[in-house]
There are 2 protein chains.
Amino acid sequence: MSAEAPAGTEPRTPLSRDRVLRAAVDIADKGGIASLTMRRLGETVGAEAMSLYYHVANKEALLDGVADVMIAEIVDAVADIPAPPDAAAWKGVMRSRILTAREVLLRHPWAPGVLQSRTAASPAVLSYIDTTLGIMVAGGFTYDQAHHAMHALGSRAFGFAQELFNPAGDPGEEPHPEVLAGIASQFPHLAAMIVDAVHNTPENTLGWCDDQTEFEFGLDLLLNGLDGMRPS
Amino acid sequence: MSAEAPAGTEPRTPLSRDRVLRAAVDIADKGGIASLTMRRLGETVGAEAMSLYYHVANKEALLDGVADVMIAEIVDAVADIPAPPDAAAWKGVMRSRILTAREVLLRHPWAPGVLQSRTAASPAVLSYIDTTLGIMVAGGFTYDQAHHAMHALGSRAFGFAQELFNPAGDPGEEPHPEVLAGIASQFPHLAAMIVDAVHNTPENTLGWCDDQTEFEFGLDLLLNGLDGMRPS
DNA sequence: ACCTGAACACCGTTCAAGT
DNA sequence: ACCTGAACACCGTTCAAGT
């Protein structure tokens, strides 16, 4: 029996920064980032919107916190991956860390946008970068090279690469023939590429533009190029 | 002498989609993308906010239009670059097209964010992609390879790569010694990298993390890797 | 055809006030 | 220490109405 709760009122869990952030992630997961408003967040957490300001300075700070929750989830997912046993193994470890990070973000499609909008790096981010650098240095790179590498990888180091425009419809869907015809008349290279790309997809299982494949292609291009720069 | 203008009233230029879009770009250039609101846009264009809806379906459509203006500016800037004289020249042409696109976007720092938020590709984008593909095919690539290449380049093909977190302060500024000390205790690799990177900057003219250098490093890594894949 | 005024349903945020 | 109510200054968007 809870001591103070008035009759008929759920003795509600007290608010906390942590609970607020987790609720925010939930809302974004369910309705997209645009549905995450201070008012709605207050509602789902069982309080007035204004109460949130006691746990979080403002909406910017809320998003900083949400970004950090995502990084924490990545760090957690990546924790199982063992350190490289020798210098040459750096590439494989880096690769699986990045693909694991990607799996996390695929569960939170709105997260890349939030991460990209943050400008300050939290301790969680610094820590993730630090161990990533450690892997490269263990692989034989200089710190200067590792620095360049981090910039070259960019958001890929965190498991995502923002896809730009997606001509010719949704990924996984075959382009509509008449759309293709319209494109072909004006943009011959584009049309030829679309035809070629569709047919080259293995088994055609995922149709045109399987992002996972493209992500790995770009990632391997970078990792292989970097690997060739190792001093020894 | 203007026929209908009431005394004392500037005979104002009539609104048009084009004038609206140009004004929108102006506002974003001056005050950032957050300052671009329908109400402010109406004001600077000398009309009520509601009048804008006659020329543009809604704010999403406004941003689509703004993105297109940026692409048009890129296409324009890139128009002078001659086609590659032989297959091997594909790389140099691609490189200077991309760096030229980058120059355009450096004048509109808010534009990458807008481009990244668009999902539909306009004819202007399709056209830009088409001639980019043309250069690759002229370089000897198959359409399938060119397709992968476009994905691997990603936003770099349009001249930008979203920088993520920027640990240790603004680019161009030397990291503060005591901040560095704080980092060093927890994140040894990061600290070592920062020290190394600062000293490796040529002449130290641009300090730590010159983005142009990093952009070109990543770009060349990709272009060189791709170049090695050319069939012949 | 083009533009406007009034109104609606939202935002994030403040501040003084409650327990 | 933690939460709230009322209020403020904004948003984007609608709709009927003006010229």
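Protein chains get the first letters and strands the later ones, always in sequence-line order, with residue 1 at the start of each.
For B/Gln116, the side chain to side chain contact (heavy atoms under 4.5 Å, CB included) test picks out A/Gln116, A/Gln162, A/Leu164, B/Phe160, B/Gln162, with sequence neighbours left out. Applying the side chain to side chain contact (heavy atoms under 4.5 Å, CB included) criterion to B/Glu73, with sequence neighbours excluded, gives B/Met70, B/Val104, B/Arg107, B/His108. Residues satisfying the ring pair (Phe, Tyr, Trp, His ring centres under 6.0 Å) test with A/His55, not counting sequence neighbours, are none. Under the rule for a salt bridge (charged side-chain N to carboxylate O under 4.0 Å, His left out), the partners of A/Glu216 that lie at least two apart in sequence or sit in another chain are A/Arg95. For B/Val93, the side chain to side chain contact (heavy atoms under 4.5 Å, CB included) criterion is met by B/Ile81, B/Pro84, B/Arg97, B/Ile135, not counting sequence neighbours. With sequence neighbours excluded, the residues that form a side chain to side chain contact (heavy atoms under 4.5 Å, CB included) with A/Asp26 are A/Lys30.
Rounded to whole angstrom, the span from the CD atom of A/Glu43 across to the C1' atom of D/dG5 amounts to 16 Å. When rounded to the nearest whole Å, the span between CD of B/Glu60 and C1' of D/dT13 equals 14 Å. Atom-to-atom, CZ of B/Arg39 to C1' of C/dC10 comes out at 11 Å; the value is rounded to the nearest Å. At whole-Å resolution of the value, CG in B/Leu41 and P in D/dG12 are 9 Å apart.
You'll find the side chain of B/Leu62 stays beyond 4.5 Å of the side chain of B/Leu52, heavy atoms only. Within the 4.5 Å cutoff, side-chain heavy atoms of B/Arg102 are placed close to those of B/Gln212.
For DNA chain C, the residues of residues 48-57 of chain A within the heavy-atom distance limit of 4.0 Å (strictly under) are A/Met50, A/Tyr53, sorted by number. Of the residues in residues 28-38 of chain B, none lies under 4.0 Å from DNA chain C by heavy-atom distance.
The stretch residues 36-46 of chain B participates, sequence neighbours left out, in no side-chain hydrogen bond (donor to acceptor under 3.5 Å, both in side chains) pair at all. For residues 14-48 of chain A, there are no ring-ring contact (aromatic ring centres under 6.0 Å, His included) pairs, not counting sequence neighbours. Legend: side-chain hydrogen bond (donor to acceptor under 3.5 Å, both in side chains) pairs involving residues 180-189 of chain A, not counting sequence neighbours, sorted by first then second residue: A/His189-B/Tyr143.
Considering only side-chain N and O atoms, B/Arg40 lies under 4.0 angstrom from the phosphate OP1 or OP2 of D/dC11.
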Given Watson-Crick or G-U pairs with both distances under 3.5 Å, what dot-bracket string fits DNA chain D, with | for other-strand pairs and [ ] for crossing? ||.|||||...|||||.||
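Proximity note for B/Ala47 (side chain, C-beta onward) versus D/dT4, D/dT13, C/dT4: the nearest is C/dT4.
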